[in-house]
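Not measured: the values here are computed from a predicted model.
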Amino acid sequence: RKVFFDTHALVCLLEENGFTTQQSEVIVSALVKIMNTNLDMIYKDMVTKVQQEIALQQVMSHIGGVKKDMIILEKSEFSTLRSENEKIKLELQQIKKQVMDEITKVRADNKLNLNLEKSRVKELHAQQDRALTQTDRKIDTEVADLKTMLETHKLDNIKYLAGSVFTCLTVALGFYRLWI
């Protein structure tokens with residue numbers, strides 16, 4: 001295996017920094033062993049060019065087989081799928097038409113119900129207005145009757161007051177004549 005750095009220069013560098021020659025060589029040989037071990041691990045996971053070419057050829061042959069199968073499927077099953085899709089489209093259009101008819105019916109029913117409710121509310125308001133008018137008339141009649149009764153009582157009171165005053169005057173005149 002080739003080493004991609006200068007081992008002698010590394011030994012010299014280690015010696016300059018206080019290591020002995022034997023220590024420096026042991027450290028460098030340990031580094032070389034570690035690198036070789038790491039490279040072996042990396043090479044185990046790698047694929048050679050020949051293996052890669054074989055795998056590529058296998059994949060290409062699988063792709064070719066799949067293409068042939070797709071052409072066969074397209075000719076046989078895709079035509080049945082297309083016809084089924086057309087049937088489903090027709091069914092969907094029919095269902096859509098039915099749904100639209102139902103929606104139209106529901107809208108018409110709702111409009112009819114709304115108009116009926118409006119007429120009921122108008123009739124109810126008219127009944128309430130009539131009842132209010134009758135109540136107002138009754139109240140006005142009762143107020144007029146009370147005013148009339150009040151005027152009658154007032155006149156009666158004035159009559160009694162006038163009678164009482166004249167009676168008192170007569171009695172006073174009678175006493176006055178008796179004294180004179």
Side-chain angles (χ1 to χ4, degrees), residues 38 41-42 44-180:
N38 284 340
M41 297 290 276
I42 291 171
K44 282 182 185 176
D45 292 337
M46 289 185 162
V47 179
T48 63
K49 256 189 175 181
V50 175
Q51 291 172 336
Q52 186 177 6
E53 289 293 327
I54 292 169
L56 182 62
Q57 290 299 323
Q58 288 174 347
V59 168
M60 293 305 283
S61 68
H62 285 303
I63 289 174
V66 169
K67 281 183 181 178
K68 288 177 188 175
D69 290 343
M70 288 296 288
I71 291 170
I72 293 169
L73 281 174
E74 184 178 351
K75 288 181 180 175
S76 64
E77 292 190 18
F78 284 157
S79 62
T80 57
L81 286 175
R82 284 184 189 139
S83 65
E84 287 180 19
N85 278 344
E86 290 299 321
K87 288 179 186 177
I88 291 172
K89 281 182 184 178
L90 290 174
E91 289 176 7
L92 281 175
Q93 288 174 351
Q94 290 174 350
I95 291 171
K96 185 177 178 182
K97 185 178 178 186
Q98 289 174 349
V99 167
M100 292 304 288
D101 290 343
E102 287 296 320
I103 288 173
T104 305
K105 286 179 185 177
V106 168
R107 282 183 182 166
D109 288 344
N110 284 342
K111 282 183 181 179
L112 180 64
N113 289 341
L114 218 105
N115 289 335
L116 286 173
E117 285 300 316
K118 281 182 182 177
S119 65
R120 286 179 191 155
V121 167
K122 284 180 183 178
E123 186 177 323
L124 184 63
H125 282 297
Q127 288 175 354
Q128 288 175 348
D129 288 342
R130 282 193 298 267
L132 281 174
T133 305
Q134 288 175 355
T135 306
D136 286 343
R137 285 181 188 159
K138 285 181 182 178
I139 290 172
D140 290 341
T141 305
E142 290 294 322
V143 167
D145 288 344
L146 286 175
K147 282 182 181 178
T148 305
M149 193 185 323
L150 184 66
E151 286 296 322
T152 306
H153 288 301
K154 191 168 44 168
L155 287 174
D156 287 344
N157 284 337
I158 289 173
K159 286 178 189 176
Y160 290 124
L161 181 65
S164 298
V165 167
F166 285 124
T167 304
C168 287
L169 277 175
T170 305
V171 170
L173 282 175
F175 279 122
Y176 179 68
R177 268 190 149 180
L178 284 175
W179 287 95
I180 307 189

Sequence neighbours excluded, which residues qualify as side chain to side chain donor-acceptor pair (under 3.5 Å) partners of E117?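 Applying side chain to side chain donor-acceptor pair (under 3.5 Å) to E117 gives R120.
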When rounded to the nearest 0.5 angstrom, what is the spacing between CG in L161 and CZ in F166?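 CZ of F166 is found 10.0 Å from CG of L161.
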Looking at CG of L173 and SG of C168, how far apart are the two atoms once the value is rounded to the nearest 0.5 Å?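 SG of C168 is found 11.0 Å from CG of L173.
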Can you list, pair by pair, the side-chain donor-acceptor contacts under 3.5 Å of residues 124-146, counting residues two or more places apart and other chains?
from, atom 1, to, atom 2, distance (Å)
T133, OG1, D129, O, 2.7
T135, OG1, A131, O, 2.7
T141, OG1, R137, O, 2.7

Residue from Q58, Q57, Q52 passing side-chain contact (heavy atoms from CB on, under 4.5 Å) with I54: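 Result: among Q58, Q57, Q52, Q58 is the only option passing the side-chain contact (heavy atoms from CB on, under 4.5 Å) with I54.
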Output all residues satisfying salt bridge (charged side-chain N to carboxylate O under 4.0 Å, His left out) with K118, sequence neighbours left out; order by chain, then residue number.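 Scan of K118 (salt bridge (charged side-chain N to carboxylate O under 4.0 Å, His left out), adjacent residues dropped) gives none.
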Could you tell me which residues satisfy salt bridge (charged side-chain N to carboxylate O under 4.0 Å, His left out) with E151, sequence neighbours excluded, listed by chain and number?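 Per chain and number, E151 pairs via salt bridge (charged side-chain N to carboxylate O under 4.0 Å, His left out) with K154.
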Determine the minimum heavy-atom distance between W179 and F175, stating which atoms define it.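 Of all heavy-atom pairs spanning W179 and F175, the closest is CD1-O, 2.5 Å.
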Who pairs with [X] by side-chain contact (heavy atoms from CB on, under 4.5 Å), at least two apart in sequence or on another chain?
| X | result |
| --- | --- |
| D156 | T152, K159, Y160 |
| T48 | V50, Q51 |
| I63 | V59, M60, K67 |

Without placing hydrogens or testing angles, list every side-chain donor-acceptor pair under 3.5 Å for residues 85-112, not counting sequence neighbours.
from, atom 1, to, atom 2, distance (Å)
T104, OG1, M100, O, 2.8
N110, ND2, V106, O, 3.4

